[in-house]
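What follows is a single structure, written as structure tokens, with notes after it.
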There are 2 protein chains.
Amino acid sequence: MPNRGDRGGSRTRAHIADVATGLFLERGFDNVTIVEVAAAAGVSKVTVFAHFDRKEDLLLDRLPDVVEIARAAVRERADEVGPVEAIRRTLLALAAERHGLSALAEGIEPFLRMIRDAPTLIARLRAFENEVEVALAAELASDRRFSGDGALLAALVVAAYRIVAVETVRRRLAGDDLGGLAADHRERLNRAFEVLERGTA
Amino acid sequence: MPNRGDRGGSRTRAHIADVATGLFLERGFDNVTIVEVAAAAGVSKVTVFAHFDRKEDLLLDRLPDVVEIARAAVRERADEVGPVEAIRRTLLALAAERHGLSALAEGIEPFLRMIRDAPTLIARLRAFENEVEVALAAELASDRRFSGDGALLAALVVAAYRIVAVETVRRRLAGDDLGGLAADHRERLNRAFEVLERGTA
DNA sequence: ATGTTACCTTAACCCGGTAAGCTTACCGAG
DNA sequence: CTCGGTAAGCTTACCGGGTTAAGGTAACAT
């Protein structure tokens, strides 16, 4: 059954991603093959890879947004606010609005669980963490208001936030109440960033 | 040409690793296949994987030592020395003796270059970094002399040292003089750990 | 001699990912 | 209206890392 009139690149892409996400949630990321995804979406394996570079991107293709958010936080901060504080505020804002990228959105437990149980995805997130770090370091390097070791600061900020986020995810999956967890998340975030502020003052 | 009297598991293992390392240095890690390694070592592909879990372990199989060094630094420190200071001293000592694990040993430029140019190896190092972090966090969690967020501290320490080490490797491969670089390495290491000390005081 | 164990082999397979080349649909220009 | 280009698919075939199953042989003990 080849093409019928329903052509359309971005439609196909979204459809593949939807189907894939469903399968991954059902059976676990590492237990679903690309061929299965392709079959379920009614396309060929090659078409899947035409739309997504790696299997992990079927789920995590919005990750690059995070890089932009991080850069923007530093770039567009007020003059009297340091980069650490700017990022802290951005992260607090994301948490406050229960942004999909924070671990505090509603109904995402299955998603989080699936990621936690898939070594491949964890590895990808680790690599991505590095991308954020590099982007942040670049931003700081080109920032006239900042002098100091941008690479070091970027690495510390990213590491600190990862610790906060990972713990939040852990509690989330342990069944913690969402409201209490949000407050706790903010508190741990503030504590971690306090360390960085003190250290780099 | 099957077995001649030269049996011996660990001998074979070492031989495979040697041959592999030579090929990797010659042609780059990602340009050498396991089958080629096996052929050059006179064994079968399956045998290679019987001795090493992953291709990267052919080069990096001594990495677990680092974990032990890190744990020991924290565990066996004097009572009046905090964990950050203990790790700083250990890292300074490694640098001073030009330990193979520091980037300051002599004649390891080809090695460093090969790693830098192999995305696969970089990814493995990133994963390994995480192992160190987890081990360190566990050590801190079971340390009665330490109270605080062990996971956070572990992540910050590991991140800080990575920044220092990566920069040292970069300068090394840029041809910097080894003596001057060693001094510079110490200085950057001290500065980075100063940030952590101040932050966690 | 016989059995056990450790080591190795071949052969076949799985999965993620890439390459090459053909077909189908759509679109704009003559 | 047709011609041609481009974009999106397809199929087929391949590669490399990694796994599994089944079997052979040296060395060593009984």
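By convention in this document, chain letters (A, B, ...) are assigned in the order of the sequence lines, proteins followed by strands, and residues within each chain are numbered from 1.
The side chain of B/H51 contributes no N or O atom lying less than 4.0 Å from OP1 or OP2 of C/dC7. Residue A/T47 places none of its side-chain N or O atoms closer than 4.0 Å to OP1 or OP2 of D/dA8. Contact check, B/T12 against C/dC7: no side-chain N or O comes under 4.0 Å of OP1 or OP2.
For the pair B/E36 CD and D/dG17 P, the computed distance is 8 Å after rounding to whole Å. If you take CZ of A/R11 and P of C/dA25, they are 15 Å apart, rounded to a whole angstrom. C/dC14 atom P lies 12 Å from atom NZ of A/K45, rounded to whole Å. In this structure, B/F49 atom CZ and C/dT10 atom P are separated by 16 Å, rounded to whole Å. For B/I34 and D/dG18, the CD1 to P distance is 6 Å, given to the nearest whole Å. Put simply, CZ on B/F52 is 14 Å from P on D/dT19, counting in whole angstrom units. Between the P atom of D/dA8 and the NE2 atom of A/H15 lies a distance of 17 Å, rounded to the nearest Å. Separating the CZ atom of B/F29 from the P atom of D/dG16 is a distance of 14 Å, rounded to the nearest angstrom.
Within the nucleic acid shown, B/V43 comes within 4.0 Å of sugar-phosphate atoms alone, with no base atom in reach, counting heavy atoms only. Contact annotation for B/V32: backbone-only contact, meaning every heavy-atom pair under 4.0 Å involves sugar-phosphate atoms and none involves a base.
No more than 12 heavy atoms of other residues, nucleotides or ligands shown are found within 6.0 angstrom of CD on A/E106.
A donor-acceptor pair shorter than 3.5 Å can be found between the side chains of B/R188 and B/T168.
If you check distances only, the side chain of A/K55 never reaches the base of C/dG17 with a donor-acceptor pair under 3.5 Å.
A salt bridge is absent between A/R62 and A/D65; no separation between the charged side-chain nitrogens and carboxylate oxygens falls under 4.0 Å. Ion pair A/R171/A/D184 flagged as a salt bridge, since at least one NZ, NE, NH1 or NH2 atom sits closer than 4.0 Å to an Asp/Glu carboxylate oxygen. Note on B/E129 versus B/R126: no salt bridge recorded, every NZ/NE/NH1/NH2 to OD/OE distance being 4.0 Å or above.
When distances are taken from the side chain of B/T33 to each of D/dG17, C/dA11, C/dC8, the shortest belongs to D/dG17.
In terms of position along DNA chain C, the nucleotide closest to A/D30 lies nearer the 5' end than the nucleotide closest to the other residue of the pair A/V46 and A/D30.
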